[in-house]
Amino acid sequence: MIKVEQLAKRYADVFAVDHISFEVNQGEILGLLGPNGAGKTTTMRILTCYMPATSGTATVAGYDVFRDSISVRKQIGYLPENVPLYPEMRVKEYLTFRAKLKKVPHRERKLKIDECIEKCRIKEVQNQIIGTLSKGYRQRVGLADTLVHDPKILILDEPTIGLDPNQIRQVRQLIKELGEKHTILLSTHILPEVEMLCGRVIIINKGKIVAMDTPSNLESQLKSGSNIVLEVRGNGEKIKNALSSIKGVKKVVWHDKGEVNNFAVEAEKGMDIREDIFSNIVKNNGVIREMKQIAVTLEEIFHQITTQEQEVMT
Amino acid sequence: MTSTGTIFQREINAYFLSPIAYVIIAVFMVFSGYFFSVMLGLTQEATLRYSLAYTQFILSILTPVITMRLFAEENKTGTIEPLMTAPVTDFAVVFGKFLSAWALYNIMIAPTAFYIIFLAWVGSPDYGAIISSYIGLILMGGLFVAIGLLVSAATKNQIVAAVIGIVALLILLVIGLASTGNEGWFYSCLSYLGTYDHWDTFTKGLIDTRDVVYYSSFTALLIFVAVRIVESRRWR
């Protein structure tokens with residue numbers, strides 16, 4: 001549905017988007033993940049024909065964003081960051097205006113608007129002035145606007161930013177429902193959101209794609225090994241040596257707290273050494289008070305990738 | 001063209017949903033009424049001609065206040081982004097906004113019709129001159145609105161848009177006013193460029209093609225430039 005090739009956008013001397021290529025397939029929810037200023041919004045603005053690229057091409061639903069801009073705009077529903085709306089209008093009035101602007105035929109207009117109001121659960125505020133709405137409602141009014149002309153593709157720029165946890169949950173649920181019918185490209189810097197919503201994720205940093213895969217693949221690829229944290233009563237020195245002798249252990253850190261010792265054991269990738277640890281400690285007359293495996297989350301991967309700039313795959 | 005209509009409708013509603021339309025109309029009424037009564041008292045003539053000369057000055061100040069929000073507000077709040085990513089052409093947006101501000105301008109000057117009723121009651125005014133004056137006022141309004149629109153498209157700040165618009169209109173007024181009656185090609189160029197001379201003929205009861213062409217072509221040129229400014233986002 002969306003095809004981006006060697007897309008670049010330069011501001012003065014800096015590339016905000018630095019020759020990126022990716023594709024969004026039909027019916028997929030693709031997450032664009034990256035720290036602030038990574039080039040997510042710029043990429044989306046190019047795809048929605050708000051600004052042109054410096055070089056490279058992008059096609060949306062088969063139309064070139066530069067040459068067929070009006071056709072592209074008919075195919076997409078775009079929710080800009082922070083959801084700019086006209087504060088003096090009423091919700092329904094605004095949606096009617098947008099529907100007219102997006103050339104929804106007169107006969108279907110009322111039906112379509114009511115449908116969107118229903119879907120986005122803004123029925124109770126439909127006659128309210130937008131300026132008086134809470135952030136969560138504004139977000140949903142924005143979403144209703146993106147849906148009003150039944151676009152094939154939704155482009156959502158940080159759809160959950162600035163919401164409280166309940167509203168975030170509602171908006172996510174809504175996006176998930178929308179994903180059944182539409183192809184969605186969404187950007188975010190919130191990681192659990194990507195894990196929850198997206199089939200595929202692109203991590204972008206300083207205008208470059210640093211990783212592109214499914215969330216679970218990314219996790220397994222990047223796991224440098226699992227970490228196990230232990231709290232053991234017993235002879236610290238002896239237990240440390242015992243732990244170090246286990247096959248597959250890379251590193252053991254020991255915090256001596258007198259009677260009770262804390263250990264952090266780092267194992268090699270793909271090895272489960274929890275049972276070995278247990279038996280070795282018991283052999284050395286230790287008593288395990290706690291054993292916990294720390295899984296590497298997407299959060300850590302994200303941090304790792306964007307700070308070390310290591311190329312995973314492009 | 002339907003998008004132009006949609007934009008027009010929204011903009012007109014926005015004017016009347018905010019206090020701006022009422023404030024501007026009230027301010028215009030106060031000043032035009034003042035000048036009308038003073039000039040009528042001074043000249044004892046049943047004509048709008050003298051008071052309308054001052055009206056141009058008020059309009060130069062008030063019209064940019066009408067137009068300042070057109071694009072500057074959208075640029076500031078970011079609503080320009082959903083607007084320009086909807087399937088509408090830049091021209092439709094600019095022209096719709098132009099028409100709405102021009103309509104408000106005409107609504108603003110409409111209550112001055114009361115002065116004509118008053119003149120007809122106390123004397124016998126020359127209706128031909130009055131009609132041509134109004135045609136002149138409307139054409140001039142188009143030009144004023146186009147200048148304000150252009151300035152508004154270039155900035156994010158409504159105050160800046162208003163001030164630059166007012167200054168531009170006053171310059172156009174002053175170069176016309178100051179060069180009237182002077183000889184030489186330089187002055188005749190200036191007086192042709194300025195708005196004063198062209199409008200003066202209308203108040204005398206003349207509809208001269210040159211003046212109609214001046215206003216309409218200047219307006220069209222400015223709208224064209226405004227479209228380019230809105231488009232310029234795409235090549236910056």
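Protein chains get the first letters and strands the later ones, always in sequence-line order, with residue 1 at the start of each.
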Which region of [X], side chain (C-beta onward) or backbone (N, CA, C, O), has a non-hydrogen atom less than 4.5 Å from a non-hydrogen atom of chain B, or is it both or neither?
X: Tyr78(A); value: side chain
X: Lys74(A); value: both
X: Glu93(A); value: side chain
X: Ile70(A); value: both

Self-check item: Engaged part of Thr79(B) at the chain A interface, taking heavy atoms whose separation is under 4.5 Å
Solution: both
Quiz item: Using non-hydrogen atoms only, which part of Glu74(B) is less than 4.5 Å away from chain A: side chain, backbone, both, or neither?
Solution: side chain
Quiz item: Backbone N or O of Met44(A) within a donor-acceptor pair of the Tyr50(A) side chain at under 3.5 Å?
Solution: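 Between the backbone of Met44(A) and the side chain of Tyr50(A) there is no qualifying donor-acceptor contact (under 3.5 Å).
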Quiz item: Under the ring pair (Phe, Tyr, Trp, His ring centres under 6.0 Å) criterion, do Tyr192(B) and Tyr214(B) qualify, and how do the steps go?
Solution: CA-CA 8 Å; Tyr192(B) 184 78; Tyr214(B) 165 82; 5.5 Å; yes
Quiz item: Tell me, do Arg140(A) and Gln170(A) make a side-chain contact under 4.5 Å, heavy atoms counted?
Solution: yes
Practice problem: Indicate whether any N or O donor in one side chain lies under 3.5 Å from an N or O acceptor in the other, for Glu193(A) and Thr188(A). | Solution: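 Per modelled atom types, Glu193(A) and Thr188(A) side chains form a pair under 3.5 Å.
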Quiz prompt | Donor on one side chain, acceptor on other, Asp64(A) and Thr59(A), under 3.5 Å | solution =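 Side-chain D/A pair, Asp64(A) to Thr59(A): absent.
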Exercise. Have a look at Asp114(A) and tell me which of Lys123(A), Arg109(A), Lys119(A), Lys92(A) forms a salt bridge (charged side-chain N to carboxylate O under 4.0 Å, His left out) with it.
Key: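 Testing Asp114(A) for a salt bridge (charged side-chain N to carboxylate O under 4.0 Å, His left out) against Lys123(A), Arg109(A), Lys119(A), Lys92(A) leaves exactly one candidate, Lys92(A).
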Exercise. Heavy atoms only, distances under 4.5 angstrom: which of Arg98(A), Glu81(A), Lys102(A), Met89(A) has the most pairs with chain B? Name it, please.
Key: Arg98(A)
Quiz item: Any idea which of Ala14(B), Ala92(B), Ala86(B) has the most non-hydrogen atom pairs under 4.5 angstrom with chain A?
Solution: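 It is Ala86(B).
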